[in-house]
Amino acid sequence: TDATTGIWKPKTAPSVTYSGNSFFLKGENSSALGTDSSGLGNNFVINGTPTQTVDTPSNVFATLNPLYKGESGNDATFSNGNLKIVTNSTSQKNAGLSTFGISSGKYYSEFKLIAEASGESTCGVTYNPEITSQIPLIGNYGYAIASNGTAFYGGSSHGVGAWSNTFTTNDIIGVALDLDNNRVTFSKNGSWTDGSGNWDETSPIAYLTLSADQTYFIGVSDKSTSQSSTWETNFGNGYFGTTAVASAQNPDDGIGIFEYDVPTGYRALCTKSINAQEYS
């Protein structure tokens, strides 16, 4: 266990003797994932087109939590390692929330809207996801933006244009969650809506002020029982669905792969980055 956090971690130098049909697959070469590193040459034959991931026992990235039930249950469909969600359009108000909650530090994630039914897909954060009488991202404890330009916080809609932007299918929404200054800022396809399209770390114009001293979860949802949304998420693994991001941008600490530039000081939502910020 880690001396500071108490979290289990792999031993870096286990005593292992390989013999016979033993094998050790590191998966570190994307073009030869079946390479055996035991020294015995027991290489695996690759079938199909497996995807290499940077998610390992040494550093686990967040996914969407399929066990989260939300308002009156959650009938959403999860796939691609729980990084894709299709919400139910007939009975439930669904949400896909991160498996990790955080209470301090700065974190960045990306969410790609794949399809929607009626123009109010939402993306944001919440600090009380267990309230089953509300949609978490747009209820009393949520802070979110919708694809029609609406902003939500304090349990109220603040009107089309409150976020000063709209988004549609294939747009990527960046979420910069700053729990040191209690605010969340959103980008669309790499452009931060601060009036000039640039990120301003000291004073971004387009941000929502958060309730302090809470544990927040990042996620996506639809708005009502009659709507459906399909989202693909990237918490730092570097993929939307099975497609790798094009530009491969990294946070300052080098942990995580994103489509767009990560604001200075922000980290991927993964165990190494959480440990570094929550326990620093």
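Residues: numbered from 1 along the sequence shown. Atoms considered below: every heavy atom in the structure, side chains included; atoms not considered: hydrogens, waters and symmetry mates.
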Polar side chain donor-acceptor pair, Asn29 to Ser31, under 3.5 angstrom: yes

Phe78 with Ile114, same ILVMFWY side-chain cluster at under 4.5 Å: no

Val86 with Leu113, same ILVMFWY side-chain cluster at under 4.5 Å: no

From CA spacing to verdict: salt bridge (charged side-chain N to carboxylate O under 4.0 Å, His left out), Lys112, Asp171: CA-CA 6 Å; Lys112 186 175 184 178; Asp171 284 335; over 6 Å; no

Minimum-distance pair of heavy atoms, taken over all atoms of Tyr107 and Ile274: OH-CA, 3.5 Å

Distance in Å, Ile257 CD1 paired with Glu110 CD, rounded so as to fall on 0.5 Å steps: 11.5 Å

Heavy-atom donor-acceptor pair, Ser121 side chain to Glu116 backbone, under 3.5 Å: no

From CG (Leu177) to CG (Leu269), nearest 0.5 Å: 8.5 Å

Atom of Gly34, atom of Ile46 and distance for their closest heavy-atom approach: N-CD1, 3.5 Å

pair Phe240-Leu83: side-chain heavy atoms closer than 4.5 Å: no

Polar side-chain atom of Ser187 near backbone of Gly174 as donor-acceptor pair, under 3.5 Å: yes

Full working for side-chain contact (heavy atoms from CB on, under 4.5 Å) between Tyr143 and Leu210: CA-CA 8 Å; Tyr143 304 82; Leu210 304 175; 3.5 Å; yes

Check: Thr209 side chain, Arg183 main-chain N or O, donor-acceptor pair, under 3.5 Å: no

Same apolar cluster: Tyr239 and Phe111, side chain cutoff 4.5 Å: no

Flag, side chain of Lys84 to backbone of Trp231, donor-acceptor distance under 3.5 Å: no

Nearest heavy atoms of Cys123 and Val175, plus distance in Å: SG-CG2, 3.6 Å

Other residues, nucleotides, ligands: >12 heavy atoms within 6.0 Å of Asn21 CG: no

Side-chain heavy atoms of Leu64 within contact of Thr233, under 4.5 Å: yes

Validation row: Tyr260, Ser191 side chains within 4.5 angstrom (heavy atoms): no

Ring geometry between Tyr127 and Tyr141 (parallel below 30°, tilted from 30 to 60°, perpendicular above 60°): perpendicular

Distance-only side-chain donor-acceptor flag, Ser22 / Ser38, under 3.5 Å: no

Ring centre gap for Tyr266 and Phe258 strictly below 6.0 Å: no

Non-hydrogen atoms of Asn234 and Glu259 that approach each other most closely: ND2-N, 4.4 Å

Candidates Ile173, Thr150, Thr122 - the one meeting side-chain contact (heavy atoms from CB on, under 4.5 Å) with Ile145: Ile173

Residues Thr185, Asp178; criterion side-chain contact (heavy atoms from CB on, under 4.5 Å); working and verdict: CA-CA 8 Å; Thr185 313; Asp178 179 356; over 6 Å; no

Tyr216 side chain reached by Thr126 side chain, heavy atoms, under 4.5 Å: no

Point-to-point distance, once rounded to the nearest 0.5 Å, from CG of Asn140 to CD1 of Ile138: 10.5 Å

Point-to-point distance, once rounded to the nearest 0.5 Å, from CG of Leu97 to CZ of Phe217: 7.5 Å

Side-chain touch Phe23/Phe44, heavy atoms, less than 4.5 angstrom: yes

Side-chain donor/acceptor of Asn237 to backbone N/O of Ala62, under 3.5 Å: no

Side-chain ion pair, Asp252 and Arg267, N-O less than 4.0 Å: yes

Residues Asn181, Lys106; criterion side-chain contact (heavy atoms from CB on, under 4.5 Å); working and verdict: CA-CA 9 Å; Asn181 297 292; Lys106 299 179 179 181; 4.2 Å; yes

Ser228-Asp222 side chain donor-acceptor pair, cut-off 3.5 Å: no

Side-chain heavy-atom pair Val262, Asn250 within 4.5 angstrom cut-off: no

Euclidean distance, Thr35 OG1 relative to Asn42 CG, rounded to 0.5 Å: 12.0 Å

Minimal non-hydrogen separation, Ser58 against Thr271, with atom names: O-OG1, 4.3 Å

Heavy-atom pair with the smallest gap, counting every atom of Thr87 and Ala76: CA-CB, 4.1 Å

Val184/Phe186 under side-chain contact (heavy atoms from CB on, under 4.5 Å): CA gap, chis, key distance, verdict: CA-CA 7 Å; Val184 60; Phe186 301 95; 3.9 Å; yes

Under 3.5 Å side-chain donor-acceptor pair for Ser273 and Asp253: yes

Value rounded to 0.5 Å, distance of CD in Gln277 from OG in Ser104: 7.0 Å

Phe24 side chain near Asp36 side chain, heavy-atom distance below 4.5 Å: yes

Student check: side-chain heavy atoms of Asn65 and Asn82 closer than 4.5 Å: no

